[in-house]
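One-based numbering, in listed order, for ligands and for the atoms of each.
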Amino acid sequence: MKFLLIILIGFSILASSFTERTDNGSIPSSFAAVSDTLKKDKETGLIVDKDLFMVKAQCTSCHSSKLIIANHFTRDGWKQKIRWMQANHNLWDLGETEKQVLDYLEKYYAPTQTVARREALKDIKWYKLEVK
Ligand code: HEC
């Protein structure tokens, strides 16, 4: 009887530990980077958004979207990249659509912030190193 109880408790602990996990892996969603929870476009791998079509139209005809995904800049940084491509690589004037493209890039491809950071240590107990 005691043995059965231990097995039952064991199973309930096991079951509760599984419910804390996400469907697709062992990392709780609260630790996953924000971009990991967003939907990606099948064709380009870029994050799905209302402005994606414009970014696809303006930014994926010369090179792979991987060049965008691999980079993280501020809005100003993205603007400078665009100016650089315009000056050196025949990128056209984006006109009215530049704002839309920059809104998108700033929103999803900004310099990365790590969400999964532990809290600062509190109540640190310092001790003297004994030198022998
Ligand atoms: C007219 C062609 C063209 C278009 C359109 C274009 N690019 Fe580029 N882009 C280039 C070329 C050429 C390079 C340099 C590729 C290399 O170094 O291999 C480049 C490089 C890049 C890089 C890498 C820069 C670096 O420092 O390594 C990024 C990021 C980038 N492009 C983003 C964009 C974005 C965002 C758009 C849409 C606004 C865009 N590109 C549209 C031609 C283009």
Side-chain angles (χ1 to χ4, degrees):
M1 192 59 201
K2 242 186 194 165
F3 183 63
L4 211 74
L5 206 70
I6 289 166
I7 291 176
L8 268 173
I9 292 166
F11 267 118
S12 59
I13 290 169
L14 209 73
S16 69
S17 72
F18 274 123
T19 55
E20 279 168 29
R21 287 159 193 262
T22 52
D23 301 335
N24 55 355
S26 56
I27 307 164
S29 56
S30 54
F31 290 121
V34 177
S35 62
D36 288 349
T37 64
L38 297 166
K39 216 171 150 232
K40 308 268 169 66
D41 178 48
K42 274 217 177 75
E43 199 184 329
T44 58
L46 289 163
I47 291 162
V48 174
D49 177 278
K50 62 174 171 47
D51 291 327
L52 176 62
F53 79 98
M54 188 55 77
V55 176
K56 276 167 95 170
Q58 300 284 31
C59 306
T60 59
S61 53
C62 297
H63 52 66
S64 160
S65 55
K66 283 181 186 154
L67 267 185
I68 299 171
I69 294 164
N71 283 287
H72 294 273
F73 303 119
T74 58
R75 188 182 189 90
D76 203 49
W78 280 112
K79 204 178 197 166
Q80 283 173 32
K81 275 292 162 217
I82 289 172
R83 296 289 171 271
W84 170 78
M85 284 179 280
Q86 285 167 336
N88 302 290
H89 298 298
N90 301 320
L91 174 61
W92 47 86
D93 184 353
L94 302 182
E96 302 259 296
T97 71
E98 187 171 286
K99 185 189 171 291
Q100 215 173 338
V101 169
L102 284 174
D103 283 350
Y104 175 91
L105 293 171
E106 184 186 29
K107 190 164 174 192
Y108 298 112
Y109 299 95
T112 32
Q113 304 148 356
T114 337
V115 181
R117 211 174 154 177
R118 67 153 172 76
E119 268 184 69
L121 295 173
K122 282 178 241 154
D123 306 321
I124 302 167
K125 288 188 184 76
W126 297 102
Y127 57 90
K128 271 206 173 129
L129 273 179
E130 304 274 332
V131 184
K132 279 175 191 156

- Val48 side chain near Lys40 side chain, heavy-atom distance below 4.5 Å: no
- Message: Counting neighbours of NZ on Lys56 that are heavy atoms of other residues, nucleotides or ligands and sit closer than 6.0 Å, is the number greater than 12?
- Response: yes
- Item | Test of proximity, Asn71 against ligand 1: N or O pairs below 3.5 Å | no
- Query: Quick one: CD on Gln58 to CD on Gln100, what's the gap to the nearest 0.5 Å?
  - Reply: 9.0 Å
- Item | Interfacing atoms of ligand 1 (cut-off 4.0 Å, heavy-atom, Leu105) | 35 (C)
- Message: I need the nearest protein heavy-atom contact for atom 17 (O) of ligand 1: residue, atom name and distance, please.
- Response: Trp84 CH2, 4.9 Å
- Message: Below a 4.0 angstrom heavy-atom separation, can you tell me which part of Leu94, side chain or backbone, both or neither, approaches ligand 1?
- Response: side chain
- Greater than 12 external heavy atoms within 6.0 Å of Asn90's CG: no
- Message: Can you tell me how far apart OG (Ser61) and CH2 (Trp92) are? Round to the nearest 0.5 Å.
- Response: 3.5 Å
- Message: Suppose I only count heavy atoms of Trp78 and a 4.0 Å limit; which atoms of ligand 1 are within that range?
- Response: 29 (C), 35 (C)
- Less than 4.0 Å between atom 40 (N) of ligand 1 and some protein heavy atom, yes or no? yes
- Angle in degrees, rounded to 10°, that NE2 of His63 and SD of Met85 form at atom 8 (Fe) of ligand 1: 180°
- Task: Please state which part of His89 comes within less than 4.0 Å of ligand 1, counting heavy atoms only: side chain, backbone, both or neither.
- Result: both
- Message: Show me which atoms of ligand 1 lie under 4.0 Å from any heavy atom of Trp92.
- Response: 1 (C), 5 (C)
- Query: Heavy atoms, side chains only, cut-off 4.5 Å: are Ile47 and Lys107 in contact?
  - Reply: no
- What's the spacing between Arg83 CZ and Leu91 CG if we round to 0.5 Å? 9.0 Å
- For atom 34 (C) of ligand 1, which candidate among Cys59, Ser61, Ser65 provides the closest heavy atom? Cys59
- Query: Of all the non-hydrogen atoms in the protein, which one sits nearest to atom 3 (C) of ligand 1, and at what distance?
  - Reply: Cys62 SG, 2.7 Å
- If you measure from CG on Asp76 to CD on Glu106, what distance do you get to the nearest 0.5 Å? 10.0 Å
- Message: Is atom 7 (N) of ligand 1 touching the protein, meaning some protein heavy atom lies under 4.0 Å away?
- Response: yes
- shortest atom 18 (O) of ligand 1-to-protein heavy-atom contact is with Leu67 CD1, 5.0 Å
- Message: Pairs of nitrogen or oxygen atoms closer than 3.5 Å, one from Lys81 and one from ligand 1: do any exist?
- Response: yes
- In terms of atom number and element, which parts of ligand 1 are under 4.0 angstrom from non-hydrogen atoms of Asn90? 1 (C)
- Item | Atoms in ligand 1 flagged as close to Gln58, the criterion being non-hydrogen separation under 4.0 Å | 5 (C), 37 (C), 41 (C)
- Query: Going by heavy atoms in the side chains, are His63 and His89 under 4.5 Å from each other?
  - Reply: no
- Task: Under 4.0 Å, heavy atoms only, figure out whether ligand 1 is touched by the backbone of Val55, its side chain, both or neither.
- Result: neither
- Item | cation_pi(Lys81, Trp84) dist<6.0 Å, angle<=45 | yes
- Only one of Asn71, Val55, Ile69 passes side-chain contact (heavy atoms from CB on, under 4.5 Å) with Tyr109; say which it is. Ile69
